[in-house]
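Take a look at the structure below.
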Amino acid sequence: MWRISLIYIALCGCPIGLSAIELSSREYEHLEALYLHLHENPELSLNEKHTAARMASELSGLGFEVTEKFGGTGVVAVLSNGAGPTILIRADMDALPVREQTGLPYASSVLITTSDGRPQPVMHACGHDVHMTVMVGTARQLVVSRHRWTGTIIMIAQPAEELGVGANAMIKAGLFTKFPRPDFNLALHVSASIPAGKVGYIAGPALANVDSLDITVHGIGGHGAYPHSVRDPIVLSAQIVTALQTIVSRELSPLEPAVLSVGSIHGGHKHNVIPDKVNMQLTLRSYTSAVRLQMIGAIKRITKNLAIAAGIPADRMPEVLIKDEYTPVAYNDPDLMHRLAAIFRGEIGAANVIESSPVMGGEDFGRYGQVKPKIPSVIYWLGAVDRALYKKSQTNGEPLPSLHSPLFAPEYGITIRTGVTVMTAAALNLLRDID
Ligand SMILES: [Zn+2]
Ligand SMILES: [Zn+2]
């Protein structure tokens with residue numbers, strides 16, 4: 001296995017490009033083994049049982065007080081080290097229903113059976129295995145350097161980020177009342193567009209509001225040869241899909257970011273039978289609640305009025321269901337983000353710390369900061385793209401595999417090292433430094 005060796009020095013005041021946080025080769029080997037284990041054994045959202053048990057044992061082995069099965073499969077680990085600030089570091093645990101196609105020797109071959117009996121491959125295609133490995137690596141660094149700080153660290157392994165429900169479940173289970181309340185919340189997410197060895201950050205809104213919507217378009221089914229005697233929900237759905245595109249392009253201000261994508265459409269089973277309904281699944285992305293509500297209102301208006309135009313009876317109007325998987329904007333506290341970005345520059349060099357732009361992706365980490373009273377929170381990007389692949393893509397314009405792609409393959413060695421370095425530095429900066 002190819003490994004990175006980096007030059008580290010042991011004390012602060014380090015020159016640009018060198019880190020004050022030393023990761024010995026023995027330490028790295030532990031993390032590499034953990035990463036490979038997690039990558040080879042992915043579990044879907046709400047089923048992160050073995051993953052959670054591994055997180056619990058890693059953290060309890062370091063002396064953290066561990067609570068398991070918190071908000072589902074969640075793990076909360078607390079390490080108290082005297083008076084001082086409390087910081088929370090979060091990693092998410094769930095993988096995706098994706099068949100890995102990286103061809104790597106450690107590629108996932110996990111195949112589960114769904115509740116309706118279908119085989120379903122599973123893959124860590126969103127890098128949550130990296131997030132967990134970095135969190136454990138950070139915990140290990142903070143434990144060995146506990147003479148350098150005082151305060152309390154809370155590490156949480158969160159279920160079901162991909163469904164947008166895990167953070168909410170942990171908060172509702174009493175994360176901020178049953179454990180010390182954090183002064184700061186921290187997290188990272190791997191980036192599929194930033195090369196390994198670098199980090200990206202955004203001060204302010206960083207990730208979008210995400211809504212999932214189901215639309216059921218009703219019609220009156222019948223024989224495909226007698227269209228005049230039916231009300232065809234397939235033709236109506238086609239009109240709806242097209243008309244929905246005008247919400248972003250014609251109704252919203254061009255200065256407001258928004259996305260409306262129809263990700264799934266299903267209706268009918270046979271060539272010559274017009275079905276009586278079509279089901280659609282949409283994702284909506286926005287950055288303000290005004291835009292979010294405007295989009296939802298427009299979807300209801302367009303579906304209903306196109307159904308009326310198609311002659312659908314009043315008792316069969318389309319149904320628009322907004323799922324409770326809603327994920328709010330992830331807002332990075334600007335003061336905290338700028339403070340940490342300066343720390344990152346000192347650790348890995350200014351050239352390796354990139355100010356990024358907000359994206360329309362979503363992250364339920366945002367919920368941890370939006371409790372009352374608010375907790376200053378930041379989530380930043382950890383570059384994960386193989387550096388040779390990145391260079392090639394810059395030259396030939398070939399797109400890089402995105403997050404959730406079956407081809408997504410972090411250059412994990414340097415990614416993990418950089419992740420542990422910057423997260424540990426952030427934590428040490430926020431905890432009371434007693435040097
Ligand atoms: Zn994801
Ligand atoms: Zn993710």
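Order of listing sets the numbers, starting from 1, for every ligand and every atom in it.
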>> Go through it in stages, so that I can follow the logic: the residues are Glu251 and Arg301, the test is salt bridge (charged side-chain N to carboxylate O under 4.0 Å, His left out), and I'd like the CA-CA distance, side-chain angles, deciding distance and then a yes or no.
In response: CA-CA 12 Å; Glu251 294 197 33; Arg301 188 194 75 239; 2.6 Å; yes
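- What you find for Met132 and Asp92 is that their closest heavy atoms are CG-O, 3.6 Å.
- Of all protein N/O/S atoms, those lying under 2.8 Å from the Zn ion (ligand 1) come to 4.
- Applying the side chain to side chain donor-acceptor pair (under 3.5 Å) test to Ser45 and every residue at least two apart in sequence or in another chain returns Asp94.
- Tyr35 pairs by the side chain to side chain donor-acceptor pair (under 3.5 Å) definition with nothing, not counting sequence neighbours.
- The local environment of CD in Glu65 is sparse, with at most 12 non-hydrogen atoms from other residues, nucleotides or ligands closer than 6.0 Å.
- Scanning for side-chain contact (heavy atoms from CB on, under 4.5 Å) contacts around Val235 gives Asp232, Gln239, with sequence neighbours left out.
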